[in-house]
Amino acid sequence: MTKLTDLTIAGALDGLRKKEFTAVEIVDAHIKGAEAARHLNCFITETFDSAREQAKAADERYAKGVALPLDGIPIAMKDLFCTEGVQTTAASRILEGFKPPYESTVSGNLKKDGTISLGKANLDEFAMGSSNTTSGYGNVINPWKRKGDNKDLVPGGSSGGSAAAVSARMAMGATGTDTGGSIRQPAAFCGIAGIKPTYGRCSRFGIVAFASSLDQAGPFARNTEDCALLLKSMAGWDPKDSTSVNTPVPDYTAQLNAGVKGLKIGVPKEYRVEGTNPEIIAMWDKGVQMLKDAGAEIVNVSLPHTAYALQTYYVIAPAECSSNLARYDGVRFGKRVEGDNLIDTYENTRAAGFGKEVRRRILIGTYVLSAGYYDAYYNKARKVRKLIWQDFVEAYKKCDVLLTPTAPTPAFAIGENTQDPVTMYLNDIFTIPASMAGMPGMALPIGLSNDGLPLGLQLIGKPFDEETIFRVAQSLEKAAAFTAVPQNIVGKAA
Amino acid sequence: MTYLLKGETGDWEVVIGLEVHAQVLTNSKLFSGASAAFGAAPNSQVSPVDAGMPGMLPVINKECVTKAVLTGLGLNAKINNVSVFERKNYFYPDLPQGYQISQYQHPIVGNGEIEIDLADGTVKKIGVERLHLEQDAGKSLHDQHPQKSFVDLNRSGNPLMEIVSKPDMRSPEEAGAYVTKLRAIVRYLGTCDGNMDEGSMRCDVNVSVRKPGAELGTRCEIKNVNSVRFVQQAIEYEARRQIEVIEGGGKIVQETRLFDTKQGTTRSMRSKEDAHDYRYFPDPDLLPLVVNDNTIAEIKKTMPELPDAKKHRFIKDLGLSVQDASVLVQERDRAIFFEKAAQGHDAKLVANWLTTELLGALNKAEKELKDSPIKAADLGALVGLISDNTISGRIAKEVFAEMFATGKSPGMIVEEKGLKQVTDTGAIEKVVAEVLAENPDKVAEFKGGKDKLFGFFVGAVMKKSGGKANPGIVNDLLKKKLEQ
Amino acid sequence: MSIDKNTVTKIARLARIKVTEDEKEVLSRELGSILKMIEELDRVNTDGVEPMTSVVQMQLFEREDVITDGEIQEKILSNAPEATAGFFVVPKVVE
């Protein structure tokens with residue numbers, strides 16, 4: 001029988017219904033795994049006791065035949081989602097000890113459907129980063145290692161803890177948020193699947209805000225079907241979020257196996273960027289071929305403003321975050337460091353509470369919005385954003401989805417790539433454009449590098465057409481047959 | 001006549017602009033579902049959104065939009081189909097988000113105007129620059145403790161309409177008239193209760209001075225003035241202060257000042273930093289607010305008659321004096337009371353009784369019109385009894401006093417006290433004859449040329465008839481009889 | 001365009017974050033390099049292009065004027081570093 005920690009969500013639900021095992025058994029197995037893999041530092045706050053209670057309740061419902069859609073499935077909850085009564089830190093010391101008196105809509109949706117959170121997953125502080133090395137609660141370590149090399153690798157970011165937990169089989173699924181690539185890039189680095197849905201698909205209510213016009217919640221899982229199951233639970237219009245869109249949530253698993261015959265796959269030439277790891281380019285070509293073989297039509301497209309997405313992002317995201325993080329002032333919640341007077345208290349509190357990357361982004365954001373610079377930077381960036389969006393709209397007249405790389409490199413070692421903030425920012429060049437345009441994007445693993453590290457591809461789709469993305473992803477997944485597992489997998493002999 | 005202040009170097013003109021913050025009359029706040037009512041226990045009308053807690057998001061209150069549009073229509077202003085909410089960023093303990101959601105480049109209402117009524121009877125048009133929606137901040141108490149301030153966020157997030165006038169006012173009187181009229185308009189529309197002492201309407205007064213015909217001077221802003229009287233006092237003081245500074249060789253520093261209500265002076269707000277850089281940008285948690293022409297038309301249909309229109313109608317159609325009409329329209333419930341009382345009765349007479357007798361009596365008894373012991377219909381009935389000669393004007397005053405004391409209807413009081421006027425000519429003739437017979441010497445004196453005695457005869461007849469004889473008939477009969 | 005130490009000081013004050021003299025040096029460099037990257041946007045022709053804030057193509061949802069929140073004083077104060085008699089307490093503001 002498959003180890004309980006190797007089950008997919010779909011497989012686990014099937015087995016639970018058939019009474020092959022219980023929710024308590026599943027949750028216990030994952031908790032044991034999480035305890036054994038604490039050195040990966042995936043969780044900031046563990047909620048194992050509560051999880052065990054919830055597992056018991058799930059089993060009672062299965063016995064009565066009234067099980068919820070995802071009853072008993074253990075997940076990791078990115079510590080950016082406010083969970084009522086449970087510490088929520090956004091991986092920042094400025095929120096240490098903060099217990100929200102309210103629940104985020106998305107975590108509430110997942111709870112209502114029966115998922116069981118094992119704990120609050122670690123992340124880059126305030127979701128700012130691509131390596132999970134800026135957390136105020138320590139780095140997360142990628143369960144994958146390079147062949148013959150013991151260096152700790154980054155899991156990617158900002159949702160590093162979530163991705164690592166799923167990859168290491170501590171959880172069957174996880175929630176993440178994606179602002180410039182924070183679901184897709186760690187999914188690629190950890191060899192799992194992850195989707196950032198269309199902006200407005202999931203509610204942002206109760207998610208600690210980073211960049212309001214970009215932030216979007218989404219699921220991690222080890223395959224496409226599981227992502228579809230989780231997204232179905234997470235998504236939906238929320239009257240408490242004015243930017244959430246009132247459009248029905250389809251059953252994302254319905255069209256999963258419809259295949260790709262008749263679909264047009266766009267390959268944008270601007271994503272062929274100098275400096276990209278050649279193995280990734282090769283993987284991209286392989287992916288194109290796989291889809292061609294499966295019956296899809298390949299179309300060359302152009303998104304001319306792709307090269308400016310990074311700059312646009314690094315004006316808009318910091319600008320919005322500089323305002324969103326002004327509420328962290330030590331007055332009503334979180335850490336307070338006393339000063340001689342009020343202003344001193346503000347300045348001490350925020351200096352002590354925010355890490356270096358967060359501080360950098362707040363300062364740049366403050367600068368680009370300040371008097372005299374608004375037109376040159378912020379307004380300019382918003383105009384270029386319009387052009388980036390128009391590029392996608394044009395491209396979608398010729399194709400149904402785009403196939404691109406997800407990240408320019410596989411997972412790198414902790415300490416590499418971190419001298420200069422801009423070098424770190426380049427990690428997101430393939431994921432940022434879809435974020436700027438609000439388009440849905442999914443990452444999935446295709447193969448391994450020579451070093452034995454996972455390499456993945458990205459599918460970018462039309463607004464609210466996650467169904468087509470899942471359909472193409474399913475096809476790619478079948479063709480790629482990626483079965484590799486990380487060295488640091490739970491349940492494996494040490 | 002232009003208002004000019006005399007300085008040492010000649011006459012000075014005062015230029016005034018007003019920014020009025022009016023709280024929208026709604027149950028809940030602008031962007032959250034907490035109550036917007038006044039006077040609750042601290043932090044009890046606060047949602048996590050109002051407290052700026054992590055992950056919280058704004059959702060706009062439809063009624064605030066409707067009432068802002070309604071107010072704009074009441075100001076004869078242009079309603080903008082598309083407006084944008086922007087964040088005004090600064091740090092203060094009563095500003096939990098670290099920014100205020102306001103409107104900057106694209107407000108919901110554009111140019112409009114208000115007609116103000118001045119004491120000398122002239123009417124002046126004051127331009128309105130714009131009206132926009134924004135959040136109110138919470139309240140900080142600074143005087144409870146030597147080193148600490150206490151913050152109550154009940155007011156945080158309350159819906160405000162900021163109404164900005166053009167700098168068209170030239171005297172404290174004009175400024176006072178503007179605030180009074182604006183208050184009447186929003187009360188008529190039901191969009192704000194205009195309660196200045198509870199803070200639901202607050203004025204920021206912009207004052208500058210210049211020699212007549214010269215360029216605009218540097219202005220100072222006096223913040224949070226909360227009564228018409230204080231607005232006028234603040235302007236008087238500030239204008240003189242500025243004149244003194246300039247004539248003393250100094251320059252006016254553009255700054256924010258506070259009005260000290262006890263001393264009647266303004267003083268500078270000492271702030272540690274340079275001019276605020278608010279870094280306005282469109283709020284990414286909201287979408288542009290769209291109000292289409294259909295919606296505006298629907299809202300327009302619900303508009304009640306406004307004070308100026310009502311005043312003109314009272315003067316033109318009902319023949320009221322400008323004075324009476326102005327007094328009656330000052331408060332909506334006063335106008336409504338009048339209209340009800342005047343139904344089917346002599347409007348001018350009702351207006352007279354309402355403005356002189358009833359308002360006077362209420363003032364003395366320290367009562368509001370809504371608590372008047374005399375109901376509108378009864379006042380009208382009283383006037384009716386005068387008009388149809390059932391009672392004389394003099395008796396009516398007695399009846400009125402009784403009505404005010406007991407709340408009884410005039411008809412009932414007249415019956416109970418037997419105060420019906422005697423109009424039977426025959427009966428009065430009898431009394432006249434009696435009086436003349438009883439006073440032959442006076443009759444002789446009158447006939448001999450002492451005209452003043454006529455009043456004596458009238459008085460005697462009235463007394464004999466218990467005051468009930470119709471004075472007009474008494475006069476006529478006496479005249480006739482004495483001429484014989 | 002670079003960001004000199006004076007500018008760093010000004011921005012840090014606007015953002016209410018205390019920055020030491022040494023940190024100002026480092027930040028001046030780092031922010032400068034980010035700014036250099038951002039300035040590449042100047043190369044894009046944006047004549048006649050409307051700025052975009054939200055990608056959402058929908059009408060703003062307006063809620064009914066009903067009281068649905070509040071009366072949770074305890075919860076609102078539950079995470080406060082300092083609270084007394086229902087108020088948040090902060091060091092005095094110098095007016």
Side-chain angles (χ1 to χ4, degrees), chain A residues 80-82 88-90 95 98 100-105 126 203-209 211-215 238-244 316 319-320 322-334 341-343 345-347 350 365-374 378-379 382, chain B residues 31-33 43 46-62 85-101 104-105 138 140 142 147-153 156 271-289:
Chain A
L80 207 58
F81 292 82
C82 287
T88 301
T89 66
L95 278 178
F98 173 64
Y102 46 82
E103 184 86 19
S104 80
T105 299
F126 279 106
S203 167
R204 290 186 302 112
F205 179 82
I207 299 178
V208 179
S212 314
S213 74
L214 297 161
D215 292 345
D238 184 5
K240 300 208 283 280
D241 173 4
S242 300
T243 58
S244 85
I316 291 175
E320 293 181 0
S322 71
S323 181
N324 283 333
L325 271 64
R327 63 190 62 197
Y328 303 103
D329 56 11
V331 173
R332 301 163 312 288
F333 49 80
N341 54 49
L342 182 71
I343 292 186
T345 302
Y346 281 154
E347 293 191 340
R350 288 160 66 79
T366 307
Y367 182 73
V368 302
L369 288 176
S370 66
Y373 297 112
Y374 181 89
Y378 187 71
N379 234 10
R382 290 199 301 151
Chain B
F31 290 114
S32 88
N43 291 303
V46 179
S47 106
V49 175
D50 307 315
M53 302 196 94
M56 291 297 97
L57 297 171
V59 181
I60 198 166
N61 179 340
K62 182 187 280 186
F85 287 99
E86 302 203 42
R87 294 188 185 178
K88 180 178 182 183
N89 298 280
Y90 64 95
F91 286 84
Y92 206 70
D94 66 13
L95 193 70
Q97 290 156 135
Y99 57 85
Q100 173 200 37
I101 303 179
Y104 185 54
Q105 292 195 355
S140 303
H142 303 299
Q147 287 98 27
K148 303 191 197 207
S149 292
F150 295 82
V151 182
D152 171 17
L153 297 177
S156 159
S271 66
K272 277 184 141 189
E273 61 242 71
D274 342 6
H276 289 280
D277 182 353
Y278 292 121
R279 289 159 278 131
Y280 281 97
F281 71 103
D283 193 328
D285 287 332
L286 294 165
L287 306 174
L289 180 64

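Every chain is numbered from 1, with letters handed out A, B, ... down the list of sequences.
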Original post:
Which one, P93(B), P96(B), S149(B), leads in non-hydrogen pairs under 4.5 Å with chain A?
Top reply: P96(B)
**OP:** Could you tell me whether a side-chain N or O of D277(B) sits under 3.5 Å from a main-chain N or O of S370(A), the two making a donor and an acceptor?
**Re:** no
Output a table of donor-acceptor pairs, distance under 3.5 Å, between side-chain atoms of residues 48-61 of chain B and any protein atom two or more places apart or on a different chain; print 'none' if there are none.
| residue | atom | partner | partner atom | Å |
| --- | --- | --- | --- | --- |
| D50(B) | OD1 | S32(B) | OG | 2.9 |
| D50(B) | OD2 | K29(B) | NZ | 3.4 |
| D50(B) | OD2 | S32(B) | OG | 2.9 |
| D50(B) | OD2 | S47(B) | N | 2.9 |
| N61(B) | OD1 | E63(B) | N | 2.9 |
| N61(B) | ND2 | S28(B) | O | 3.3 |
| N61(B) | ND2 | S28(B) | OG | 3.1 |
| N61(B) | ND2 | K29(B) | O | 3.2 |
| N61(B) | ND2 | D65(C) | OD1 | 2.9 |

Original post:
Would you find a donor on one side and an acceptor on the other, under 3.5 Å apart, between the side chain of R332(A) and the backbone of R327(A)?
Top reply: yes
Original post:
If you tally heavy-atom pairs under 4.5 Å against chain B, which of S213(A), G206(A), A211(A) wins?
Top reply: G206(A)
Original post:
Is chain A contacted by the side chain of F281(B), its backbone, both, or neither, given a heavy-atom distance below 4.5 Å?
Top reply: both
Subject >> Distance flag, aromatic centroids of Y90(B) and Y99(B), threshold under 6.0 Å >> reply: no
Original post:
Under a 4.5 Å heavy-atom cut-off, does chain A meet the side chain of D285(B), its backbone, both or neither?
Top reply: both
Original post:
Given a strict heavy-atom distance threshold of 4.5 Å, which part of L95(B) is in contact with chain A: side chain, backbone, both, or neither?
Top reply: neither
Original post:
Among L325(A), L95(A), N324(A), which has the most heavy-atom pairs under 4.5 Å with chain B?
Top reply: N324(A)
Original post:
Are the side chain of D215(A) and the backbone of A209(A) linked by a donor-acceptor contact shorter than 3.5 Å?
Top reply: no
Original post:
Does any heavy atom of chain B fall under 4.5 Å from the side chain of Y102(A), the backbone, both, or neither of them?
Top reply: side chain
Original post:
Less than 6.0 Å separating the ring centroids of Y374(A) and Y280(B)?
Top reply: no
Original post:
What residue, out of T88(A), D329(A), I207(A), has the most heavy-atom pairs lying under 4.5 Å from chain B?
Top reply: I207(A)
